[in-house]
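Written below as structure tokens is the structure these notes are about.
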Amino acid sequence: MNVGSIVKYYRMKNNLTQAELCEGICSISHLSKIESNKYVPHEETLDELFARMNVEWNQELDVYHTYREKLEKFITYSVYYDLKSMEVLYEELEQKKDYLQSTDLVNRYELYKLRFYLIQQDRQKATQQMQILSRLDQTFDEYERGAAKVFYFIYYVFVQEEAKAREIAGRLEDRNGRVPQLFEGEFYYQNAWLMQRNTEYGQSSYFAELAINQFQKDCNYLRLMHAQMLQAVNFANRDLFLQAEELFKTLLRNARLMDEASLYEGVLYNYSMLQNRRGHHNSAYMLLKELKSLMTPEEPLYTSVLIHMLQTASEEGLEMDHLLEELEVLARGKDDPYIAIQLTYFRKKKFSQHDLFDYCEQIAFPFLKEHGYIGEARRFAWRLANYHRSIGNFEKADAYAIYFYEKGEKMT
């Protein structure tokens with residue numbers, strides 16, 4: 001531990017100048033070297049300095065070890081994705097942040113604060129923490145440098161700065177063994193997520209499998225389920241339907257057993273997407289119906305669930321007026337052009353097919369394509385391709401089909 005930093009911490013806490021603290025004990029220059037950790041003081045000097053500040057050195061050692069243990073717990077919670085425990089301990093550590101910043105625990109404390117903000121998906125605090133770490137990284141030891149690279153990689157994946165994320169990933173992969181073993185599974189998982197977001201499903205499957213194997217080895221069961229979810233979505237996007245369904249069924253059971261409500265909801269949603277792709281619309285509708293019953297209209301995913309229920313009901317020929325009415329209520333409370341696009345689409349779907357496809361071609365598809373709703377745009381492109389093929393307009397049909405396939409899986 002950096003004894004000098006702790007001397008400085010208590011001196012400033014007691015509003016003492018260096019001259020006031022060291023008078024009759026040592027010179028100001030000597031104290032300055034102690035406080036800057038350039039010199040380790042004799043035990044007698046240290047006892048006298050702490051005695052003048054009414055600090056018991058043995059008690060101080062106990063305090064230091066207590067907070068080192070708390071920080072180690074904070075690190076463990078982050079690795080095993082125990083956000084609730086992290087939140088409680090974060091508040092406790094923040095109350096002693098001045099003390100922690102005066103010790104040699106500061107680097108790991110600040111590093112794992114970044115990890116905490118990333119798990120919370122708090123972009124503003126994570127960005128601020130990146131700035132703090134940029135001022136500390138010259139003082140990192142080898143372990144801290146390895147952890148920092150992984151956390152920086154996760155940050156750039158999170159904020160969708162793909163070029164920077166891939167640059168860091170490349171450097172970590174080129175130097176075999178430089179990813180700390182504690183973070184191997186997380187590094188593979190984040191790589192898989194990055195690839196999936198860019199529709200590189202084959203590459204994503206490769207990294208997801210590495211993550212699954214590592215999390216199994218580490219007995220990191222919650223993160224294992226997250227990686228399995230990612231892999232199930234990859235399988236679905238690669239039309240490996242049986243493998244995807246097997247994983248989704250396993251995840252539904254395990255998420256329920258472990259009382260992981262948000263994960264269970266995510267599995268229901270993605271499993272319903274798989275069933276729709278397979279043409280099993282009734283099964284998809286039942287999954288979405290269960291999911292909707294678990295949510296409130298205020299939740300961000302609720303609107304998406306409602307829209308997909310409408311799409312599924314439409315495909316299956318189910319009654320959808322009550323869903324359309326609910327979407328109309330949501331649209332009145334939100335200034336969201338995406339909801340307005342979907343609402344108009346389903347209204348037109350009840351009446352004229354000609355008007356419906358005119359609207360899809362002139363309004364809905366261009367909006368979805370421009371604003372990055374790639375999955376939705378592909379679905380609309382497929383409908384438009386089939387429609388134009390059915391009326392003999394093969395040039396337009398081919399153009400929409402090309403968009404559909406080009407925006408599918410990227411081969412690397």
Side-chain angles (χ1 to χ4, degrees), residues 157-158 160 162 192-205 208 226 229-241 243-245 247-248 265-281 283-285 287-288 291-292 295 299-316 323 327 330 336-346 349 356-357 359-361 363-387 399-412:
V157 171
F158 172 54
Q160 299 188 34
E162 182 182 327
W193 176 250
L194 177 63
M195 300 300 175
Q196 187 185 97
R197 194 165 66 199
N198 285 278
T199 67
E200 298 172 24
Y201 302 123
Q203 281 289 90
S204 183
S205 287
H226 291 160
M229 167 83 91
L230 201 60
Q231 188 67 299
V233 174
N234 284 326
F235 286 154
N237 285 320
R238 298 172 67 198
D239 295 337
L240 301 172
F241 296 146
Q243 293 94 321
E245 183 172 39
L247 261 182
F248 280 133
E265 291 173 5
V267 178
L268 285 172
Y269 184 81
N270 285 287
Y271 191 12
S272 72
M273 298 300 101
L274 169 68
Q275 295 298 69
N276 269 327
R277 287 190 64 174
R278 299 174 73 188
H280 299 174
H281 303 301
S283 173
Y285 188 83
L287 291 165
L288 288 166
L291 175 56
K292 184 172 177 286
M295 306 176 75
E299 293 181 56
L301 189 61
Y302 188 88
T303 302
S304 294
V305 171
L306 186 57
I307 288 169
H308 283 293
M309 283 189 76
L310 276 161
Q311 292 169 345
T312 306
S314 173
E315 295 286 350
E316 191 67 9
L323 297 172
L327 186 61
L330 284 175
D336 188 334
Y338 171 75
I339 298 177
I341 289 281
Q342 295 288 352
L343 182 58
T344 304
Y345 170 79
F346 287 113
K349 194 173 177 66
L356 174 66
F357 283 106
Y359 176 75
C360 289
E361 189 161 44
I363 306 296
F365 175 71
F367 172 86
L368 295 167
K369 183 172 69 169
E370 179 183 351
H371 291 87
Y373 295 98
I374 296 175
E376 288 286 292
R378 290 184 76 226
R379 282 190 283 272
F380 273 76
W382 189 249
R383 293 170 192 147
L384 286 166
N386 288 333
Y387 169 70
Y400 284 114
I402 288 170
Y403 176 88
F404 176 84
Y405 287 114
E406 282 184 344
K407 293 297 181 181
E409 179 174 4
K410 295 176 185 173
M411 305 304 293
T412 57

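- Scored by the ring pair (Phe, Tyr, Trp, His ring centres under 6.0 Å) test, Tyr345 finds Phe380 as partners (sequence neighbours excluded).
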- Could you give me the CA-CA distance, side-chain angles and deciding distance for Tyr387 and Leu356, then say whether side-chain contact (heavy atoms from CB on, under 4.5 Å) is met? CA-CA 11 Å; Tyr387 169 70; Leu356 174 66; over 6 Å; no

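- With rounding to the nearest 0.5 Å, the separation of OG in Ser205 from CG in Asn237 is 9.0 Å.
- Remark: Thr303 engages Lys334 in a side-chain hydrogen bond (donor to acceptor under 3.5 Å, both in side chains) (not counting sequence neighbours).
- The line from CG of Leu247 to OH of Tyr271 is 11.0 Å long, rounded to the nearest 0.5 Å.
- Note: Leu287 CG to Gln275 CD = 6.5 Å, rounded to the nearest 0.5 Å.
- Residues Thr312 and Leu288 share a closest heavy-atom pair of OG1-CD1, 3.6 Å.
- For the side-chain contact (heavy atoms from CB on, under 4.5 Å) test, residues two or more places apart in sequence or in another chain that qualify with Ala192 are Ser204, Phe207, Ala208, Leu230.
- Residues Phe248 and Val233 form a side-chain contact, since some pair of their non-hydrogen atoms from C-beta on lies under 4.5 Å apart.
- Qualifying ring pair (Phe, Tyr, Trp, His ring centres under 6.0 Å) partners for Phe346, counting only residues two or more places apart in sequence or in other chains: none.
- A distance of 9.5 Å separates CG of Leu240 from CG of Asn234, quoted to the nearest 0.5 Å.
- Asn386 places none of its side-chain heavy atoms less than 4.5 Å from the side chain of Phe357.
- For Tyr269, the ring pair (Phe, Tyr, Trp, His ring centres under 6.0 Å) test picks out His308, with sequence neighbours left out.
- Between Ala385 and Ala401 the shortest heavy-atom distance is CB-N, 3.9 Å.
- Applying the ring pair (Phe, Tyr, Trp, His ring centres under 6.0 Å) criterion to Tyr285, with sequence neighbours excluded, gives no partner residue.
- By the 30° and 60° cut-offs, the orientation of the rings of Phe367 relative to Tyr373 is parallel.
- The shortest non-hydrogen separation linking Pro366 to Cys360 is CD-O, 3.8 Å.
- Looking at residues two or more places apart in sequence or on another chain, you find a side-chain hydrogen bond (donor to acceptor under 3.5 Å, both in side chains) between Glu361 and His388, Lys396, Tyr400.
- Contact annotation: the side chain of Asn276 never approaches that of Gln311 to less than 4.5 Å [non-hydrogen atoms, C-beta and beyond].
- Partners of Glu376 according to the salt bridge (Lys or Arg N to Asp or Glu O under 4.0 Å) rule, which considers only residues two or more places apart in sequence or in another chain, are Arg379.
- When all heavy atoms of Leu323 and Leu310 are compared, the pair lying nearest together is CB-CD2, 3.6 Å.
- For Arg197, there are no side-chain hydrogen bond (donor to acceptor under 3.5 Å, both in side chains) partners at least two apart in sequence or on another chain.
- Shown here are the side-chain hydrogen bond (donor to acceptor under 3.5 Å, both in side chains) partners of Glu162, two or more places apart in sequence or in another chain: Arg166, Asn198.
- For the atom pair Arg378 CZ and Glu406 CD, the distance stands at 11.0 Å (nearest 0.5 Å).
- In this structure the side chain of Met195 never reaches within 4.5 angstrom of the side chain of Tyr201, judged on heavy atoms.
- Considering CG of Leu194 and CD of Gln160, their distance stands at 9.5 Å, rounded to 0.5 Å.
- Scanning for salt bridge (Lys or Arg N to Asp or Glu O under 4.0 Å) contacts around Lys292 gives Glu326, with sequence neighbours left out.
- Applying the salt bridge (Lys or Arg N to Asp or Glu O under 4.0 Å) rule to Asp239 yields the partners Arg277; only residues at least two apart in sequence or on another chain are considered.
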